[in-house]
Amino acid sequence: NAGVTQTPKFRVLKTGQSMTLLCAQDMNHEYMYWYRQDPGMGLRLIHYSVGEGTTAKGEVPDGYNVSRLKKQNFLLGLESAAPSQTSVYFCASSPTQRYGYTFGSGTRLTVV
Amino acid sequence: GDSVTQMEGPVTLSEEAFLTINCTYTATGYPSLFWYVQYPGEGLQLLLKATKADDKGSNKGFEATYRKETTSFHLEKGSVQVSDSAVYFCALIIQGAQKLVFGQGTRLTINP
């Protein structure tokens, strides 16, 4: 099915470890986004991209890096994981700003 | 800045009850408005949208009307089902902006 695919779905990291979350979309969307969702905090934007080769900071970018080398992929990296980064991470994509987003099913990350 | 305010939850109703979830917004420009739904353990799904004043978005028995005079986009359903239990997010985007602004979400529980 066409859509947004996130890998992995679950991961447990030790403090200080690094990892990369992959988001892939097959809808030829220009815009891609990474959010985190914590209990009682709603959605918070980490980083986003308005096209291949571009990235921009969102509300909570510290401790994360991103890359958009190919239009269909948007990678979120944690260089040195901290327990405060325990969360559910969602990727989303959109063809234009006003169209609305398509979300992935999420990655549940626990940092111990 | 641009913002979205939703009624606080959780909201608990009995099956077949009438549902209203309030959403009001503050926008510096002319927004498009959205409702998203998140079922347990899943990502957000676009439920409905409206792009101009007096537009009515509808889907799966849910409706919301874009009211410019009251800056509101309240979600309604005439007869809820247990399967409607989820978290509902109101969101907006301003023309020319690059990202959605989300409300905090309202958790809805429907009892049989």
Side-chain angles (χ1 to χ4, degrees), chain A residues 1-7 9-10 21 23-25 27 29-51 54-61 66 68 74 87-108, chain B residues 1-10 21 23 25 27-53 55 57-59 62 64 66 73 86-107:
Chain A
N1 288 342
V4 177
T5 303
Q6 292 184 232
T7 53
K9 294 190 184 305
F10 303 92
L21 282 66
C23 177
Q25 53 94 3
M27 298 170 286
H29 286 176
E30 289 293 334
Y31 297 79
M32 296 188 75
Y33 306 85
W34 275 108
Y35 286 88
R36 60 178 289 173
Q37 186 177 36
D38 304 299
M41 296 292 289
L43 291 163
R44 293 186 290 172
L45 181 64
I46 305 171
H47 286 283
Y48 64 101
S49 168
V50 300
T54 75
T55 62
K57 294 181 180 179
E59 304 170 62
V60 289
V66 288
R68 182 104 182 263
F74 195 30
S87 188
V88 181
Y89 292 85
F90 289 101
C91 178
S93 71
S94 178
T96 68
Q97 304 100 309
R98 293 170 77 85
Y99 189 82
Y101 296 178
T102 300
F103 280 83
S105 57
T107 295
R108 184 173 296 275
Chain B
D2 304 326
S3 66
V4 175
T5 303
Q6 294 181 229
M7 65 186 292
E8 289 195 21
I21 300 178
C23 171
Y25 67 88
T28 53
Y30 190 55
S32 292
L33 301 171
F34 305 84
W35 276 101
Y36 284 83
V37 58
Q38 184 179 29
Y39 298 106
E42 299 183 10
L44 280 70
Q45 301 174 25
L46 180 62
L47 181 59
L48 53 85
K49 67 178 182 180
T51 57
K52 61 183 187 295
D55 266 2
S58 62
N59 187 23
F62 291 90
Y66 188 144
F73 194 53
V87 180
Y88 292 81
F89 291 90
C90 186
L92 68 81
I93 191 164
I94 299 298
Q95 189 165 8
Q98 294 173 333
K99 50 193 184 297
L100 284 172
V101 175
F102 284 93
Q104 283 294 96
T106 302
R107 182 175 299 277

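Letters go in sequence order (proteins before strands), and every chain restarts at 1.
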Contact class of B/Ile94 relative to chain A, heavy atoms under 4.5 angstrom:
backbone
Which portion of A/Gln37 sits near chain B, non-hydrogen atoms under 4.5 angstrom:
side chain
Can you run down the salt bridge (charged side-chain N to carboxylate O under 4.0 Å, His left out) pairs that involve residues 27-53 of chain B, sequence neighbours left out, and say none if there aren't any?
B/Lys52-B/Asp55
Looking just at side-chain N and O atoms, do A/Ser49 and A/Thr54 make a donor-acceptor pair shorter than 3.5 Å?
yes
Report which part of B/Gln45 has an atom under 4.5 Å of a heavy atom belonging to chain A: side chain, backbone, both, or neither.
neither
Step-by-step side chain to side chain contact (heavy atoms under 4.5 Å, CB included) determination, A/Val4 to A/Cys23
CA-CA 7 Å; A/Val4 177; A/Cys23 177; 3.5 Å; yes
Among B/Pro31, B/Gly41, B/Gly43, single out the residue with the greatest number of heavy-atom pairs under 4.5 Å to chain A.
B/Gly43
Toward chain B, the part of A/Tyr35 with a non-hydrogen atom under 4.5 Å
side chain
Using every non-hydrogen atom in the two residues, find where B/Leu100 and B/Tyr36 come nearest and quote the distance to one decimal.
CD1-OH, 3.6 Å
Crowding at CZ, A/Arg108 (>12 non-hydrogen neighbours, <6.0 Å):
no
